[in-house]
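Notes for the one structure printed next.
In what follows, residues are counted from 1 in the order of the sequence shown. The analysis underlying the following values was restricted to heavy atoms, covering all of them including side chains, and did not include hydrogens, waters or symmetry mates.
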Amino acid sequence: MATTVKELKATARPKSGKGAARAERRAGRVPGVIYGNNQPPVTISIEDRDLRQRILAGRFLTTLVDIDLEGKKHRVIPRDYHLDPVKDFPIHVDFMRLGEGATIRISVPLHVVKAEGSPGVKRGGTVNIVAHAIDLECGVESIPQYIEVDVGSLEIGHSLHLSDVKLPAGVKALTREDATLVTIVPPSGYAEEQKAAAAAAAGGAAPAAGAAAPAAAAPA
């Protein structure tokens, strides 16, 4: 599923420097910059409330944005943002300008599906997500919001690797193909139960200790 393009209004910020940035924050705006695509950087500011809503909504760094800068649209993708270490509100944001047909390297989250149907989970196992995101390269118009990982057939102790996952068309993985994504972890005491079961099975196949040997046939 390709990401949709959101719109965000911005205002030109002619002055740069810490003093100008502080003034923007006092006015309820967050300073930022648009860079890339072989064009000079543009300093901007965005309403704090609007930016905060976008960040809290999730997937901020994987969502295309059309920034409306006083009537001119800039197609960008958020590349970084900084939060106040104490109050946890945004204090700066960076956007990378995207040219038409450009490709981008990006980290996309994993979505695990069908866990409740997994034989391993039904037997008490737990889904352990080893890699929470995959590094991808793709066109800017086909950035996946997430990569779906189906664990519906996994038994306890089994894993899914990147090579087991089908990626969308036009999307290339930068992570190693043998990278483990998800495993089904056995429940507590599972190993001891398996050993006890194996011992019981082995014991059932052999004569019980102390049992009398079969009587020899009497001579004719």
Side-chain angles (χ1 to χ4, degrees), residues 1-6 53-66 75-81 83 88 96 98 100-208:
M1 181 179 178
T3 184
T4 55
V5 181
K6 305 291 186 179
Q53 285 177 348
R54 297 298 175 86
I55 293 172
L56 291 175
R59 304 194 188 103
F60 180 65
L61 297 178
T62 60
T63 301
L64 294 182
V65 178
D66 276 340
R75 175 66 56 87
V76 301
I77 189 165
R79 265 322 202 186
D80 197 12
Y81 61 90
L83 301 177
D88 206 34
M96 188 173 76
L98 300 171
E100 188 175 347
T103 59
I104 189 172
R105 294 187 174 193
I106 196 164
S107 183
V108 175
L110 291 184
H111 273 203
V112 174
V113 298
K114 299 184 181 178
E116 66 283 352
S118 161
V121 171
K122 288 180 178 179
R123 294 171 60 198
T126 303
V127 176
N128 177 39
I129 302 176
V130 179
H132 288 270
I134 302 176
D135 293 330
L136 304 174
E137 183 176 82
C138 59
V140 296
E141 303 296 340
S142 57
I143 300 172
Q145 291 187 4
Y146 53 83
I147 297 299
E148 200 169 87
V149 180
D150 184 345
V151 299
S153 62
L154 288 190
E155 285 280 4
I156 289 175
H158 291 195
S159 303
L160 268 183
H161 302 87
L162 181 56
S163 56
D164 300 317
V165 177
K166 184 177 180 180
L167 297 176
V171 175
K172 174 185 174 184
L174 300 176
T175 306
R176 295 190 338 267
E177 283 198 353
D178 61 348
T180 301
L181 303 181
V182 183
T183 64
I184 303 297
V185 179
S188 177
Y190 178 77
E192 288 74 12
E193 290 178 11
Q194 292 295 99
K195 287 179 183 177

_Considering only residues two or more places apart or on different chains, which pairs with a residue in residues 105-135 satisfy ring pair (Phe, Tyr, Trp, His ring centres under 6.0 Å)?_
His111-Tyr146
*Got a sec, which residues hit side-chain hydrogen bond (donor to acceptor under 3.5 Å, both in side chains) with Glu148, two or more places apart in sequence or on another chain?*
none
*Provide the closest heavy-atom pair for Leu154 versus Ser118 in the form atom of the first, atom of the second, distance.*
O-OG, 2.7 Å
*Spacing of Leu160 atom CG and Asp150 atom CG [to the nearest 0.5 Å]*: 7.5 Å
*Give a yes or no on whether the backbone of Val185 and the side-chain of Thr126 come within a donor-acceptor separation of less than 3.5 Å.*
no
*Considering all heavy atoms of both residues, which atom of Leu110 and which atom of Ala131 are nearest to each other, and what is their separation?*
CD1-O, 2.7 Å
*Sequence neighbours excluded, which residues qualify as salt bridge (charged side-chain N to carboxylate O under 4.0 Å, His left out) partners of Asp66?*
Arg75
_Would you say that Pro168 contacts Ile147 through its side chain, given a criterion of any heavy-atom pair below 4.5 Å between the two side chains?_
yes
*Side-chain contact, heavy-atom cut-off 4.5 Å: Leu98 with Ile77?*
yes
*Could you tell me whether the side chain of Val151 reaches within less than 4.5 Å of the side chain of His158, counting heavy atoms only?*
no
_To check you understand the geometry: which heavy-atom pair defines the closest contact between Val171 and Pro144, and what is its length?_
CG2-CG, 4.0 Å
*For residues Thr63 and Lys6, report the shortest heavy-atom separation together with the two atoms involved.*
CG2-CG, 3.6 Å
*What pairs meet the side-chain hydrogen bond (donor to acceptor under 3.5 Å, both in side chains) rule with one or both residues in residues 169-181, with sequence neighbours excluded?*
His161-Thr180, Arg176-Asp178
*asked:* For Gly124 versus Pro187, what's the shortest heavy-atom pair and its separation?
replied: O-CB, 3.4 Å
*Supply the atom-to-atom distance Leu61 CG to Asp80 CG, rounded to the nearest 0.5 angstrom.*
7.0 Å
*Return the set of residues passing side chain to side chain contact (heavy atoms under 4.5 Å, CB included) with Val127 (not counting sequence neighbours), or none when no residue passes.*
Val112, Ala115, Val121, Ile129, Val182, Ile184
_Check: Met96 and Val140 side chains under 4.5 Å, non-hydrogen atoms_ = no
_Which residues share a salt bridge (charged side-chain N to carboxylate O under 4.0 Å, His left out) with Glu155, sequence neighbours left out_ = Arg123
_Could you report the tightest heavy-atom contact between Ser159 and Asp164, atom names first, then the distance?_
O-OD2, 4.3 Å
_Between CZ on residue Arg59 and CD1 on residue Ile143, distance to nearest 0.5 Å_ = 13.0 Å
*With rounding to the nearest 0.5 Å, note down the distance linking OG1 in Thr183 to CD1 in Ile156.*
11.5 Å
